[in-house]
Amino acid sequence: MLNMEMESNFIKSIIEEDLASGKTTTVITRFPPEPNAYLHIGHARAIITNFELAKMFGGSTNLRFDDTNPVKEDAMFVEAIKEDIKWLGYTPKNIFFGSDYFEETYKRAILLINKGLAYVDDSSPEDVSRLRGTLTESGVESPNRKRSIADNLQLFQAMRDGKYADSEKTLRAKIDMSSPNINMRDPVIYRILHITHHNTQDKWCIYPMYDFAHPLQDAIEGITHSLCSLEYVDHRILYDWFVEKCEMPHVPHQYEFGRLNIPNTIMSKRYLKQLVDSGAVRGYDDPRMPTLAGFRRLGYTPSAIRNFVLGTGLSRINSTASIEMLENSLRDDLRLKVNRVNAVIHPLKVVIDNYPKGQIEWFDAPNNSENEALGTRKIAFGNEVYIESEDFTETTPEKHWKRLAIGLEVRLMHTYFVKCVSVVHNDDGSLKEIHCTYDPLTKSGTGFTERKPNGNIHFVEASTAIITSFNLFEPLMVDSDNDRPVLDRLNPNSLNVVKGFVEPSVKGVKIGTQFQFIRTGYFTVDYDSLPEALVFNRTVGLKSSFK
RNA sequence: UGGGCUAUGGCCAAGUUGGUUAAGGCAUCGGACUCUGACUCCGAAACCGCUAGUUCGAAUCUAGCUAGCCCAGCCA
C-alpha cells in the first residue's frame, strides 16, 4: 500500500495523448498557492496530483506563490506552505513567486495596449460593476474604451508612477462587453494598490489580476499542464486569450478538476481563520483542524494522506469523500510500522487476590504481532492492574460478551487467565475496583489449552504504569449546515482530555512517536508532551464490529 | 431560450473505436480465523439521472427532459 499509484483519470489520459501526439514532449506542472493561509487537506489533492502526474511522466513541478494581491498576503504563510509540501514528501523543481514576473507582466500589458487590446479606464469600481451587465443582460462599453493607444500608454505609465490613488484608474483588456461569459467583458487586468508587498515592498503600486498574471506565469515557466479547480472553467477562454494576445512563446493549457471535500469539515480560509481567531481551537495546527499542520500534529502521516488522495481518484466532480476513507488510509499505513502497546484510557482497578502482593513478573511481548522485525519488549504483571472500564460489566452480559464480568474468565493479554470473583463499590454506588483470581497454569506461552478464555483484554500493571493524558477528539463541527455561523456549529465535545496509564515501555518517547494502543486505536505523542507528563493524541480509533 | 460544467451501488471511482456475469477502494451486512470484537480470509448489493430512439447488441451513439454546481471582486 505504501507505493500506491495514481489510478486512471481523465487528466492522466490527456497527458498520455499529448505525449503520444507530440503536442508536448515533457510534463511540467505547478502548484500555485496564494500565500494568505495555511494549506488544508483539500489542497493535498492539488499538490499530490501535480507532483505525482509530473513524476509519473518524468517531468517536474514548480511551487509558485501566487502573490499578486499584497493586501492579503504574508511571508509567514510562504514558510508554512513550503514546510507542508516538504512534509508531504515533495520537492519542487523551482520555487517561484508571481511577483518575480511583475516586470515581464507589465511589458506584456504594454504590448496589449500597443495592439489596441487594453485600455486605461477611469470608471469607479461601482461603475465597472454597473456597466458589466448581468448574467442575462450584456454589458455596456466604458466611455474610456476608445482612448488612443498613445493616451493609454501615457496613462498606464502614470499609474505605475504612482500618480493616481487606489481605484482611480485600472487597466482593462478590450474584449467583448456583450459576451455571455462575464469574464470576457473587458476584465480589469491591473489595479492600483498603494500597499507594501511582502516581496517587492514598495517597488510597485500597480498589481496584475489573477486572470492576467496566471497564464503569463504559466507560459514563462514553460508549464505544459496547468491544473486548477472547476470554478476556473469559465476562465479558460480568457487564459487562452491572454497567452495568445500577449504572444507568449510557450503555450500552456489549463485543465480543471473537482475539489475534494470531507463531510462536516470546513475548508474555507475565512472560516478556518475564524476558528483560530476566536480561540475555538489552539491554532492552525490544532489537531482538530483540517489543515495539513493540524493533521500532522494529530498524527497523520504523509503516506496516509497521499494514499487517501490517490485512492479517491480524480474527476470533474466536486466530491465529498468520507472521513472513514481517510481514517482507513492512516490505519493501513501505520498497521505494520508502529509498536502495539498497552494503554488504559478509562482505568478500572483490578486486584488479583491470589497473586503475591508486591511481586512483579515480566513477560516478553511482541511489539507488533504482524511484524516481527519490530522486536519485543517486557510487560509487567502483578497483584494490581488496570483494565479498561468498558471491558467489565456488572450487569449480566449477553452471550456474545467477550470481556470480563463476575464469574467470567478472560486472558490478560500475554500473561494469565483471570477470573472475576467480586466487586467493590464506592459510597456513592459507583464501581471502585474488582477482584479476580488468576490461574498460574494458564501462563502465556505454556501452550495451555484446557479451556478457552472469554476473550483477551489488554491491561497495565499498576505499580509500573505511567500516568498519562489522552486527547480524545470528536469532530470540530456538529453539522454541515453552511447557513449557520461557524462558531454556532462548534462541537462542545471536540476535545476530551482524560487521564489514564500506559505501560512502562513507552517511557522517554519523543514527540511525534506513534503507537497502536491495543484495542483502542492509533495514538501520537503530542507537541505538548513532556517526559514527565506524557500527552497522546488519539489519531484514529480501531475499527470495531462490537455492537 | 444568459453562459459553462457535471450526472455509474451509502461515499469515492474505473470503464466512453458500442459486445461475455459494469473494475477497485471506503462503508455496510453475513461467516471463518484470532492471546487485539483489530488484522487476515470468504460471501453479499447497481433501474449506469430520466424518457424516447438507433442497433442483433448501449453506461458508452442520437434527441428531449430533469437535477446539482460555477459565473455579474479593482479576490484567487
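Everything numeric in this text was worked out from a predicted model, so none of it was measured.
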If I pick the C1' atom on B:G4 and the same atom on B:G43, what distance separates them, to the nearest angstrom? 46 Å
Parallel, tilted or perpendicular, as decided by the 30° and 60° cut-offs, for the rings of A:Tyr232 and A:His235: perpendicular
Give A:Ser315 one of three labels, base, sugar-phosphate or nothing, depending on what nucleic acid heavy atoms sit under 4.0 Å from its own. sugar-phosphate
Check whether any side-chain N or O of A:Arg191 sits under 4.0 Å from OP1 or OP2 of B:A76, and answer yes or no. yes
How many angstroms lie between atom CD1 of A:Ile47 and atom CG of A:Leu39, to the nearest 0.5 angstrom? 4.5 Å
Nearest-neighbour nucleotide for the A:Glu370 side chain, B:A76, B:A38, B:C11 considered: B:A38
5′-ward residue of the pair A:Val233/A:Leu412 relative to RNA chain B: A:Val233
Identify which nucleotide among B:G37, B:C74, B:C75 has an atom closest to any side-chain atom of A:Trp401, counting heavy atoms from C-beta outward. B:G37
In whole angstrom, give the distance that lies between atom CG of A:Leu39 and atom C1' of B:A76. 14 Å
For a quick test of reading the model: is some side-chain N or O of A:Ser369 closer than 4.0 Å to OP1 or OP2 of B:C35? no
To the nearest angstrom, the NZ-C1' distance between A:Lys269 and B:C75 comes to 9 Å
Sorted by position of nearest nucleotide on RNA chain B, 5' first, the leading residue of A:Pro32 and A:Thr520 is A:Thr520
What integer number of Å spans the C1' atoms of B:A44 and B:C50? 29 Å
Does A:Asp234 contact B:G3 through a side-chain donor or acceptor facing the base, at a distance under 3.5 Å? yes
Can you measure A:Leu260 atom CG to B:C11 atom P for me and round it to whole angstrom units? 15 Å
Provide the Watson-Crick or G-U wobble partner of B:G43, both distances under 3.5 Å; none if there is no partner. B:C29
Picking from B:G3, B:U40, B:G73, the nucleotide nearest the side-chain atoms of A:Arg132 would be B:G73
Taking B:C61 as the reference, what is the distance to B:C69 when you measure between their P atoms (whole Å, please)? 26 Å
Just how far, in rounded Å, is P of B:C71 from CG of A:Asn183? 10 Å
Suppose you measure atom P in B:G49 against the same atom in B:U6; what distance do you get, rounded to whole Å? 14 Å
Is B:U21 paired to anything, Watson-Crick or G-U wobble with both distances less than 3.5 Å, and if yes, which nucleotide? none
Go ahead and name the base partner of B:C65; Watson-Crick or wobble counts if both distances stay under 3.5 Å, otherwise write none. B:G49
Over-ring placement of A:Arg160 relative to A:Tyr106, 6.0 Å and 45° cut-offs: yes
In whole Å, what separates the C1' atom of B:G73 from that of B:A52? 45 Å
Centres of the A:Phe77 and A:His198 rings: under 6.0 Å? no
Choosing from B:A38, B:A27, B:A13, which nucleotide comes nearest the side chain of A:Leu542? B:A38
Between the side chains of A:Ser329 and A:Asp332, is a donor N or O closer than 3.5 angstrom to an acceptor N or O? no
If you compare every side-chain N and O of A:Lys543 against the phosphate oxygens of B:G37 (OP1, OP2), does one of them come in below 4.0 Å? no
So what does A:His458 touch, heavy atoms closer than 4.0 Å: a base, only the sugar-phosphate, or nothing? nothing
Rounded to the nearest Å, what distance is computed from the CZ atom of residue A:Phe257 to the P atom of nucleotide B:U6? 15 Å
If only side-chain N and O atoms of A:Ser8 are considered, is one of them under 4.0 Å from the OP1 or OP2 phosphate oxygen of B:G15? yes
Can you check the distance between B:G24 and B:G64, where both ends of the measurement are the P atom (answer in whole Å)? 37 Å
Let's see if you can work this out: which of B:C26, B:A13, B:A72 has an atom nearest to the side-chain heavy atoms of A:Ser319? B:A13
With C1' as the reference atom in both, quote the distance from B:A46 to B:C41 in angstrom, rounded to an integer. 25 Å
Cation-pi between A:Arg30 and A:Phe96: NZ/CZ under 6.0 Å from ring centre and within 45° of the ring axis? no
Can you measure A:Arg316 atom CZ to B:A14 atom C1' for me and round it to whole angstrom units? 18 Å
Given B:G37, is OP1 or OP2 found less than 4.0 Å from the side-chain N or O atoms of A:Arg519? yes
Would A:Tyr210 and A:His214 count as a close aromatic pair, with their ring centres under 6.0 Å? yes
Closer than 4.0 Å, any side-chain N/O of A:Thr68 to the OP1 or OP2 of B:C75? no
Choose from B:C26, B:C75, B:G37 the nucleotide whose nearest atom is closest to any side-chain atom of A:Glu34. B:C75
Distance between P atoms of B:A23 and B:G19 (Å, rounded): 14 Å
Does a nitrogen or oxygen in the side chain of A:Lys12 sit under 4.0 Å from OP1 or OP2 of B:A14? no
Whole-Å distance, A:Ile11 CD1 to B:A14 C1', equals 16 Å
Between A:Glu168 (CD) and B:C74 (P), how many Å, whole number? 17 Å
Euclidean distance, A:Leu117 CG relative to A:Ile189 CD1, rounded to 0.5 Å: 9.5 Å
If you only use heavy atoms from C-beta on, which nucleotide in B:G37, B:C12, B:C74 is closest to the side chain of A:Ser544? B:G37
